[in-house]
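Treat the numbers as computed from the prediction; the structure is a model and nothing was measured. Only this structure's heavy atoms are used, side chains among them; waters, hydrogens and symmetry mates stay out.
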Amino acid sequence: MKTLTMAEISQNPFQDDLKGLDRLRQKLRPALLYVVSFAQFFDIVNGASVSVAILPIAQDLHFTVPQVLWILNAYTISFAGLLLVSGRLGDLFGHRRMFMFGLFWFALWALVVSFSTSPIMFILARALQGMGAAATVPTAMALIATTYPAGPERTKAFSIFGAFGGLGAVVGILMAGGLIASIGWVWIFRISAIAALILLALSFIVIPVLPAKTEKPKVDYLGAITATTGVTGIVYYIITGVEYGWGNAKTIPIFVVALALIALFIFIESRVQSPLMPLRIWKLKSFTTSVILAFVSMAKFQGIIYYANMTFQEVYEWSPLKTALGFLVHALLAVVSFTVLGRMLPRLSLKPLILVGFLLRSGSALMFAFVNEDTSYWALPFPAFIIHILGVGLSLLPIQITAVRDAENKDQGLVGALYNTGLQLGAPFGLAILNVIAISTNGNIDGAVRGGPALAKGFHNAFFAMVAMGLFGFFLSLVILPWDKPVRPATVHKNVSTPSLASTAVPAHSASTIEPKDLEEVVSSSEVIGKPFSAGNDIDASTIGSHSEKIDRADDLEKGRV
């Protein structure tokens with residue numbers, strides 16, 4: 001058998017093809033943002049569409065009354081329960097790999113859901129589809145955070161990412177209304193599957209391939225099991241507590257076991273050498289606060305979307321299609337406002353925006369609280385939607401940016417997972433509280449109002465509760481969120497005499513072409529500030545930007561400028 005020489009290997013056409021593909025990926029790298037944004041968009045579209053299609057699905061597949069809740073719950077529980085594990089696996093084995101796996105898994109089971117013939121088949125396939133979303137969403141955030149350097153570029157990128165998410169929540173309602181009225185609810189899932197497969201193909205082209213890690217990643221299996229089962233148990237308790245009661249013998253034991261598993265998980269993470277969730281992440285005050293605010297924010301957001309939808313269909317007695325059109329202003333304004341905010345946020349302090357955002361969102365809920373069957377859509381719901389989406393942009397976008405700002409690249413998948421876990425826990429918890437308020441207001445089981453405009457009384461009280469949620473978010477932000485200054489891009493002084501620093505002064509788009517030998521030269525200079533520069537595989541534009549900023553700081557200290 002002939003042995004190839006180095007010259008022959010270098011001339012191998014297959015090697016040339018790989019190099020050509022890498023060059024193509026570099027040219028198409030700006031498209032990465034839109035691929036991951038569309039992935040989140042279709043995740044949210046799918047979820048919002050199903051919430052509108054509950055009744056047609058239940059009727060076609062002959063769901064019993066207790067089973068109907070699981071049309072939504074199966075997906076929510078698996079999604080929330082696996083976010084932490086999926087996000088950390090992305091950090092360990094590669095965000096690109098985990099993101100693409102999530103798209104494939106999401107598409108596969110969305111297709112299976114569309115061919116369901118029984119409630120059990122639908123529920124199981126829907127739960128497995130949620131696993132795909134859990135792998136996609138946190139790694140999408142990580143890909144953005146590790147591609148764009150901290151400052152205006154990352155802020156703008158996350159604003160676009162957030163705009164796609166806000167648009168997806170409303171487009172899902174629009175799409176569901178149109179599909180249910182025409183070709184049927186099964187196409188909600190088939191369109192989602194087709195879109196995911198297209199994004200999977202694009203991901204292969206536009207997401208750069210990073211060098212394989214020299215060390216085999218260590219997986220904290222015990223931590224993964226306790227975290228997944230613990231979070232799943234808590235979400236299950238929140239969701240089923242509405243039906244059975246939160247103090248019921250069917251729910252309390254699950255909640256107690258879930259809390260015990262979470263406590264065991266934290267204990268394990270403080271002892272193992274390679275934890276699934278390094279506890280150091282919670283020492284970042286901005287991150288911890290952001291997760292809490294994400295929880296509150298999503299509880300209120302989900303409440304507005306759900307009860308506005310119920311107001312249109314029950315109080316106004318609109319069809320699903322007309323209801324979807326009622327949300328149109330919300331969707332269109334989300335794109336415009338989030339895009340504008342993306343350009344403004346780098347020049348503004350984030351805390352005042354969050355405070356104003358929560359106040360606006362409380363105001364929009366207050367307006368909906370006075371809607372009845374005689375109220376014109378243009379008098380209250382229409383302006384309330386405008387105020388609400390502006391408030392969401394001013395609060396949720398800065399919260400998301402604050403969450404990822406101070407974390408290291410090696411933890412970005414974990415940060416995205418924990419942030420989204422806060423969102424996913426907030427959504428069912430908020431709806432659970434609001435449902436209890438609305439249902440109890442409309443009477444007990446024997447004398448409850450079954451439907452129609454009479455339900456407005458309970459809806460009004462749910463909206464008043466949302467006003468309280470918004471005010472709670474306002475005061476929480478005011479008290480514990482640190483005041484900050486606008487984040488500026490890192491710069492390197494022109495008068496730096498150390499030759500090794502010149503290798504770090506590169507544009508963000510060319511950071512991926514830095515050779516390992518260039519990175520090694522930075523080590524001695526970065527140690528001036530007491531934190532060695534890592535020359536591992538986590539290096540990218542944002543890492544280089546943050547370290548060059550620290551080196552500038554050290555230079556200033558030496559010259560007595562600080």
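A 4.5 Å side-chain heavy-atom check between Phe370 and His460 finds every atom pair outside the cut-off. Inter-residue side-chain proximity for Ile281 and Val415 is flagged as met; some heavy-atom pair is nearer than 4.5 Å. Counting heavy atoms from C-beta on, the side chains of Leu434 and Met469 come closer than 4.5 Å. For the pair Pro381/Phe368, a side-chain contact is recorded, criterion being any heavy-atom separation below 4.5 Å from C-beta on. Annotation: side chain of Ser290 is not in contact with side chain of Gln400 (no heavy-atom distance under 4.5 Å). A 4.5 Å side-chain heavy-atom check between Thr311 and Phe463 finds at least one atom pair inside the cut-off. Between Thr117 and Leu61, the closest side-chain pair of non-hydrogen atoms is not below 4.5 Å. The side-chain heavy atoms of Trp70 and Ile77, taken from C-beta on, include a pair separated by under 4.5 Å.
Here the side chain of Thr139 pairs no donor or acceptor atom with the backbone of Gly90 at under 3.5 angstrom. At distances below 3.5 Å, not a single donor-acceptor pair connects side-chain atoms of Tyr307 with backbone N or O atoms of Ala438. Side-chain N or O atoms of Ser376 include one that pairs as donor or acceptor with a backbone N or O of Trp378 at under 3.5 Å. Here the side chain of Asn420 pairs a donor or acceptor atom with the backbone of Gly416 at under 3.5 angstrom. Although no hydrogens or angles enter the test, the distance criterion places a donor-acceptor pair under 3.5 Å between the side chain of Gln40 and the main chain of Phe161. Looking only at distances, a side-chain donor or acceptor of Arg154 sits under 3.5 Å from a matching main-chain atom of Ala145. In terms of modelled atom types and a separation under 3.5 Å, the side chain of Tyr419 and the main chain of Ala403 share no donor-acceptor contact. Using modelled atom types, no side-chain atom of Glu373 and backbone atom of Pro453 make a donor-acceptor pair closer than 3.5 Å. Remark: the backbone N or O of Thr226 is paired with a side-chain donor or acceptor of Thr229 at under 3.5 angstrom.
The OH atom of Tyr237 lies 10.5 Å from the CD1 atom of Ile254; values are rounded to the nearest 0.5 Å. Separating the OH atom in Tyr236 from the OG1 atom in Thr76 is a distance of 14.0 Å, to the nearest 0.5 Å. The OG atom of Ser362 lies 13.0 Å from the CE atom of Met367; values are rounded to the nearest 0.5 Å. Remark: Leu359 CG to Leu471 CG distance equals 7.0 Å, nearest 0.5 Å. One distance of note links CD1 of Ile292 with OG of Ser477; it measures 10.0 Å at 0.5 Å rounding. The NE2 atom of His388 lies 10.5 Å from the CG atom of Leu390; values are rounded to the nearest 0.5 Å.
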Next on the checklist: I'd like to know whether Ser297 forms a side-chain hydrogen bond (donor to acceptor under 3.5 Å, both in side chains) with Arg361, so could you lay out the CA-CA distance, the side-chain angles of the two residues, the decisive distance to 0.1 Å, and finally the verdict.
Outcome noted: CA-CA 9 Å; Ser297 184; Arg361 294 170 71 177; 2.7 Å; yes
Checklist entry - Taking it one step at a time, do Asn46 and Ser49 satisfy side-chain hydrogen bond (donor to acceptor under 3.5 Å, both in side chains)? => result CA-CA 5 Å; Asn46 187 265; Ser49 299; over 6 Å; no
Item to check | ring pair (Phe, Tyr, Trp, His ring centres under 6.0 Å) evaluation trace for Phe474 with Phe358 | outcome: CA-CA 5 Å; Phe474 171 85; Phe358 274 118; 8.2 Å; no
Checklist entry - Which is it for Tyr75 and Val50 under the side chain to side chain contact (heavy atoms under 4.5 Å, CB included) test, yes or no, and what are the steps along the way? => result CA-CA 10 Å; Tyr75 182 89; Val50 174; over 6 Å; no
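Listed by chain and residue number, Lys300, Ile304, Met466, Val467 satisfy the side chain to side chain contact (heavy atoms under 4.5 Å, CB included) test with Ala365 (two or more places apart in sequence, or in another chain). Residues satisfying the side chain to side chain contact (heavy atoms under 4.5 Å, CB included) test with Phe295, not counting sequence neighbours, are Leu425, Phe429. Under the side chain to side chain contact (heavy atoms under 4.5 Å, CB included) criterion, Leu179 pairs with Met175, Ile183, Trp187, Ile188, Ile191, not counting sequence neighbours. Tyr306 is linked by a side chain to side chain contact (heavy atoms under 4.5 Å, CB included) to Met310, Leu431, Asn435, counting only residues two or more places apart in sequence or in another chain. Contacts of Arg88 classified as salt bridge (Lys or Arg N to Asp or Glu O under 4.0 Å), with partners at least two apart in sequence or in another chain: Asp91, Asp411.
The nearest pair of heavy atoms linking Val436 to Ser440 is O-OG, 2.7 Å. Closest non-hydrogen pair, Ala133 versus Pro138, comes out as O-CD, 4.3 Å. Between Ala80 and Val235 the shortest heavy-atom distance is CB-CG2, 3.8 Å. When every heavy atom of Leu423 is checked against every heavy atom of Leu396, the shortest pair comes out as CD2-CD1, 4.4 Å. Looking at every heavy atom in both residues, Leu276 comes nearest to Ala227 through CD2-CB, 4.3 Å. A pairwise comparison of heavy atoms in Ala134 and Ser78 identifies CB-O, 4.5 Å as the closest pair.
Under the 6.0 Å cut-off for aromatic ring centres, Phe164 and Phe38 qualify, their centroids lying closer than that. Aromatic ring centres of Phe327 and Trp318: separated by at least 6.0 Å.
A 6.0 Å sphere centred on OH of Tyr34 holds no more than 12 heavy atoms belonging to other residues, nucleotides or ligands. Under a cut-off of 6.0 angstrom, the local environment of CZ in Phe472 is sparse, with at most 12 non-hydrogen atoms contributed by other residues, nucleotides or ligands.
Here the rule is side chain to side chain contact (heavy atoms under 4.5 Å, CB included) with Thr136, and of Phe79, Phe99, Trp105 only Phe99 fits it.
Among pairs with a residue in residues 115-142, those fulfilling ring-ring contact (aromatic ring centres under 6.0 Å, His included) read Phe63-Phe122, Phe122-Phe189, at least two apart in sequence or across chains.
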